[in-house]
**Q** 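Before I ask anything, let me first share the structure, which is written out below as structure tokens.
Chain identifiers are assigned alphabetically (A, B, ...) following the order of the sequence lines, protein sequences preceding nucleic acid strands; residue numbering begins at 1 within each chain. None of these values were measured; they are calculated from a predicted model.
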Amino acid sequence: MDTKLQIYNTINRKKELFEPLNAPFAGLYVCGPTVYGDAHLGHARPAITFDLVFRYLQHLGYKVRYVRNITDVGHLENDADEGEDKIAKKARLEQLEPMEVVQYFTDRYHASMDKLNVKHPSIEPRASGHIIEQIEVIKEILKAGYAYEVNGSVYFDVRKYNENYMYGKLSGRVLDDLLATTRDLDGQNEKHFSADFALWKKAQPEHIMRWPSPWSDGFPGWHLECSAMSRKYLGETFDIHGGGMDLLFPHHESEIAQTQAAFGHEPCKYWMHNNMITINGQKMGKSLGNFITLDDIFTGNHEALEKAYSPMTIRFFILQAHYRSTLDFSNEALQAAEKGMKRMFQAIKTLDTLQASEKSNVDVFQYRKLCYEALNDDFNSPMVIAHLFDTVRIINSANDKKENLTAADIAELKDVFNTFIFQVLGLEDETSGNQAELIDGLVNMVLELRVQAKANKDYAASDRLRDALNAFGITVKDSKEGSTWSFEG
RNA sequence: GGUCUCGUGGCCGAGUGGCUAGGCACCGGUCUGCAAAACCGUUUACAGCGGUUCGAAUCCGCUCGAGACCUCCA
């Protein structure tokens, strides 16, 4: 397992060599969705980013345990006492059981992730299924003296914690600044200090989601679930913790504080944060109401969309930017990604029909190394794609008899695409489905008729056949060797 | 207001001191009964000003602009 993988660690703001605590095992925890609405384009970013991390670590030979949670309780609309639980609110509005809401949106989230070819995590724990573990963590924090109870609720004592540790270590915040700038929200009077956060909240009488605890019938605070579940499945310290940059503060900062307070050490070695997807330069988010759901994108059913975009187009679009950069949504950018990806898959198909030469005049054996170097440099997927486009040009040139590739060259290129495009980047050629064979046969039959028509100089008939295929979205391309075709041209 | 990040050619987006990023679009060409597609080739850049350096998109300072977090957000 001697790799040179460098990971940008948010906590130190620099790239560090990845050295897992217990090689060949590697633990990865990523904050998953709060399931009270459909997944939007922004949710695809961390899913695909950490899918790449998961896939690459596995490719390198690590035995990876990837834990991605489902938040189904405790995520309040704001930090004030009367802030309503997001799930509970949705359930109230729709007149459903909270767990019906959870099931519904979890299923839909899974369906979207499957379309994006995001691998299932090893474990996908729910917050509501780990109340006991969360209560245990609270007990430890109380025992250590970093929390206090008020009226059946328990709060983390940030000032006390900050005396011995550094609250703000991850986000680069200074507690005094927080003090000066934190707004005085109503209903915070239970807290001793505005930056304190809830570990356990006493449930109001009308609150449906409630569990017994030593302090009250209530529910856990949002930050707690990740501390409890990562500990349960990955151990008290693990390798990588990931999530969106917007979770950096207060969520991840508070996770560190909780684990540090309860167990005397930080939860993980590396913190990774993906950047946001923007729309017109602004973050796409639920609170801004400027989000486009993944289903909208797949169906084209949204006023901001000129057309539908396939799941692989979205995946390619996201992988064409580095995960730590913002990525701006636009129809133009998505169409550019769509065309580029199509060209790449076309070249991969061309490899199958390429005639091998005796001698080679290009070095195709450098690309594997270049791709590894890019991935080892903090998962630089856009660089990998750029290298592979270089090979696309070589393949097409060889197809045009302008370059010569040996059988060994062709085999190497096939393997490189298989390794990097299909396995590591997790892209799929959407045109090669189960129906492909059937369509292939039918279209080829029509094309044969067209060849006959052309042989008879009956161009009206041949054009009619071409136009008919066009109506089904099939583009016919004529060349010296004969006709070829492609779908959705 | 505080903390932080960023500003690359028509668009998206890599790159952190010297060597063509890449994709899309444009343009030119090849192919072609026509057309389209495909393929090949190719142009345009590093927000502004100043500094460090033999040399800066890349380091430093200032100015302008954009964004993120500080309340929930992937």
**Q** Using a cut-off of 4.0 Å on non-hydrogen atoms, how would the nucleic acid contact of A:T49 be classed: base, sugar-phosphate, or nothing?
**A** nothing
**Q** Give A:M284 one of three labels, base, sugar-phosphate or nothing, depending on what nucleic acid heavy atoms sit under 4.0 Å from its own.
**A** base
**Q** Determine the Euclidean distance between corresponding C1' atoms of B:rU16 and B:rG55; express it in Å to zero decimal places.
**A** 15 Å
**Q** Give the rounded distance in Å between these two atoms: CZ of A:F329 and P of B:rG67.
**A** 18 Å
**Q** Rounded to the nearest angstrom, tell me the gap between atom NE2 in A:H387 and atom C1' in B:rU20.
**A** 13 Å
**Q** Is a salt bridge present between A:R92 and A:E84, judged by a nitrogen-to-oxygen distance below 4.0 Å?
**A** yes
**Q** Please give the distance between the P atoms of B:rC62 and B:rC27 as a whole number of Å.
**A** 45 Å
**Q** Show the atom names and distances, to 0.1 Å, of all donor-acceptor pairs under 3.5 Å that link a side chain in residues 384-398 of chain A to residues at least two apart or in another chain.
**A**
unit_1: A:T391; atom_1: OG1; unit_2: A:L388; atom_2: O; d: 2.6
unit_1: A:N396; atom_1: ND2; unit_2: A:V392; atom_2: O; d: 3.3
unit_1: A:S397; atom_1: OG; unit_2: A:R393; atom_2: O; d: 2.9

**Q** With rounding to the closest Å, how many angstrom separate the C1' atoms on B:rA45 and B:rG10?
**A** 12 Å
**Q** Could you pull out all donor-acceptor pairs under 3.5 Å where a side-chain atom in residues 315-331 of chain A meets a protein atom, sequence neighbours excluded?
**A**
unit_1: A:R315; atom_1: NE; unit_2: A:L425; atom_2: O; d: 2.8
unit_1: A:R315; atom_1: NE; unit_2: A:G426; atom_2: O; d: 3.2
unit_1: A:R315; atom_1: NH1; unit_2: A:D51; atom_2: OD2; d: 3.1
unit_1: A:R315; atom_1: NH1; unit_2: A:L116; atom_2: O; d: 2.9
unit_1: A:R315; atom_1: NH1; unit_2: A:N117; atom_2: O; d: 3.1
unit_1: A:R315; atom_1: NH2; unit_2: A:D51; atom_2: OD2; d: 2.7
unit_1: A:R315; atom_1: NH2; unit_2: A:L425; atom_2: O; d: 2.9
unit_1: A:H322; atom_1: ND1; unit_2: A:R324; atom_2: N; d: 3.2
unit_1: A:H322; atom_1: NE2; unit_2: A:D378; atom_2: O; d: 2.8
unit_1: A:Y323; atom_1: OH; unit_2: A:D378; atom_2: OD1; d: 2.6
unit_1: A:Y323; atom_1: OH; unit_2: A:D378; atom_2: OD2; d: 3.1
unit_1: A:R324; atom_1: NE; unit_2: A:D378; atom_2: OD2; d: 2.8
unit_1: A:R324; atom_1: NH2; unit_2: A:D378; atom_2: OD2; d: 2.8
unit_1: A:D328; atom_1: OD1; unit_2: A:T278; atom_2: OG1; d: 2.6
unit_1: A:D328; atom_1: OD1; unit_2: A:G281; atom_2: N; d: 3.1
unit_1: A:S330; atom_1: OG; unit_2: A:A333; atom_2: N; d: 3.0
unit_1: A:N331; atom_1: OD1; unit_2: A:E306; atom_2: N; d: 2.8
unit_1: A:N331; atom_1: OD1; unit_2: A:Y309; atom_2: OH; d: 2.6
unit_1: A:N331; atom_1: ND2; unit_2: A:A304; atom_2: O; d: 2.7

**Q** From CG of A:N399 over to C1' of B:rU30, roughly how many Å is that when rounded to an integer?
**A** 14 Å
**Q** How far does the C1' atom of B:rG9 sit from the matching atom of B:rG22, given to the nearest Å?
**A** 14 Å
**Q** By nearest atom, which of the nucleotides B:rA38, B:rA74, B:rG22 is closest to the A:K286 side chain?
**A** B:rA74
**Q** Roughly how many Å apart are B:rG1 and B:rC19, using the P atom of each and rounding to a whole number?
**A** 40 Å
**Q** Just checking A:F389: base, sugar-phosphate only, or nothing, at a heavy-atom cut-off of under 4.0 Å?
**A** sugar-phosphate
**Q** Side chains of A:H273 and A:D246: donor-acceptor distance under 3.5 Å anywhere?
**A** no
**Q** Could you tell me whether A:V476 contacts a base, only the sugar-phosphate backbone, or nothing, with contacts defined as non-hydrogen atoms closer than 4.0 Å?
**A** base
**Q** Would you check if the side chain of A:S122 reaches a backbone N or O of A:V67 as a donor-acceptor pair within less than 3.5 Å?
**A** no
**Q** Let me know, please, whether A:G281 or A:K454 comes out on the 5' side of the other along RNA chain B by nearest nucleotide.
**A** A:K454
**Q** Rounded to whole angstrom units, what separation is found between the CG atom of A:D478 and the C1' atom of B:rA36?
**A** 9 Å
**Q** So, A:E253 side chain and A:K169 main chain: donor-acceptor pair closer than 3.5 Å or not?
**A** yes
**Q** The side chain of A:K339 lies closest to which of these nucleotides: B:rG33, B:rA25, B:rC70?
**A** B:rA25
**Q** Does B:rC4 pair with anything, Watson-Crick or G-U wobble, both distances under 3.5 Å, and if so, with which nucleotide?
**A** B:rG67
**Q** Using atom CG of A:N290 as one end and atom C1' of B:rA68 as the other, report the distance to the nearest whole Å.
**A** 13 Å
**Q** Please determine, for the side chain of A:D390, which listed nucleotide (B:rG33, B:rC40, B:rG22) has the closest atom?
**A** B:rG22
**Q** Any sub-3.5 Å donor-acceptor pair from A:E430's side-chain atoms to A:M312's backbone N or O?
**A** yes
**Q** Taking protein heavy atoms under 4.0 Å as touching, what does nucleotides 4-17 of chain B look like 5' to 3' if B marks base contact, S marks sugar-phosphate-only contact and - marks none?
**A** -------SSSSS--
**Q** In whole Å, I'd like the distance from the CD atom of A:E253 to the C1' atom of B:rA68.
**A** 16 Å
**Q** Do the side-chain N or O atoms of A:K342 get closer than 4.0 angstrom to the phosphate oxygens (OP1, OP2) of B:rG23?
**A** no
**Q** I'd like to know if A:R466 reaches the base of B:rA35 with its side chain such that a donor and an acceptor end up less than 3.5 angstrom apart.
**A** yes
**Q** Just compare B:rG33, B:rC70, B:rG23 and give me whichever is closest to any side-chain atom of A:S462.
**A** B:rG33
**Q** Compare the minimum distances between each of B:rA37, B:rG33, B:rC69 and the side chain of A:D246, then state the nucleotide with the smallest one.
**A** B:rC69
**Q** Can you work out whether A:D463 or A:H40 has the more 5'-proximal nearest nucleotide on RNA chain B?
**A** A:D463
**Q** The side chain of A:P46 lies closest to which of these nucleotides: B:rA21, B:rA74, B:rC69?
**A** B:rA74
**Q** Could you tell me whether A:K457 contacts a base, only the sugar-phosphate backbone, or nothing, with contacts defined as non-hydrogen atoms closer than 4.0 Å?
**A** nothing
**Q** Provide the distance between the two C1' atoms, one in B:rC24 and one in B:rG13, to the nearest whole Å.
**A** 11 Å
**Q** Using whole Å, report how far CD of A:Q335 lies from P of B:rC24.
**A** 13 Å
**Q** Respond yes when some side-chain nitrogen or oxygen of A:R393 is under 4.0 Å from OP1 or OP2 of B:rG23, and no when none is.
**A** no
**Q** Taking the minimum atom-to-atom distance to the side chain of A:Q282, which one of B:rG67, B:rA37, B:rC70 wins?
**A** B:rG67
**Q** For A:N396 and B:rC31, give me the distance from atom CG to atom P, rounded to whole Å.
**A** 17 Å
**Q** Looking only at the aromatic ring of each residue, does the gap between the centers of A:Y270 and A:Y8 stay below 6.0 angstrom?
**A** no
**Q** Roughly how far apart, to the nearest Å, are B:rA57 and B:rG17 at atom C1'?
**A** 10 Å
**Q** Name the pairing partner of B:rC34, where a pair is Watson-Crick or G-U wobble with both distances under 3.5 Å, or state none.
**A** none
**Q** Within 45° of the ring axis of A:Y36 and under 6.0 Å from its six-membered ring centre, is that where the NZ or CZ of A:K286 lies?
**A** yes
**Q** Without swapping roles, check the side chain of A:K191 against the backbone of A:D196 for a donor-acceptor pair under 3.5 Å.
**A** yes
**Q** Tell me which nucleotide, if any, is Watson-Crick or G-U wobble paired with B:rC26 when both distances must be under 3.5 Å.
**A** none
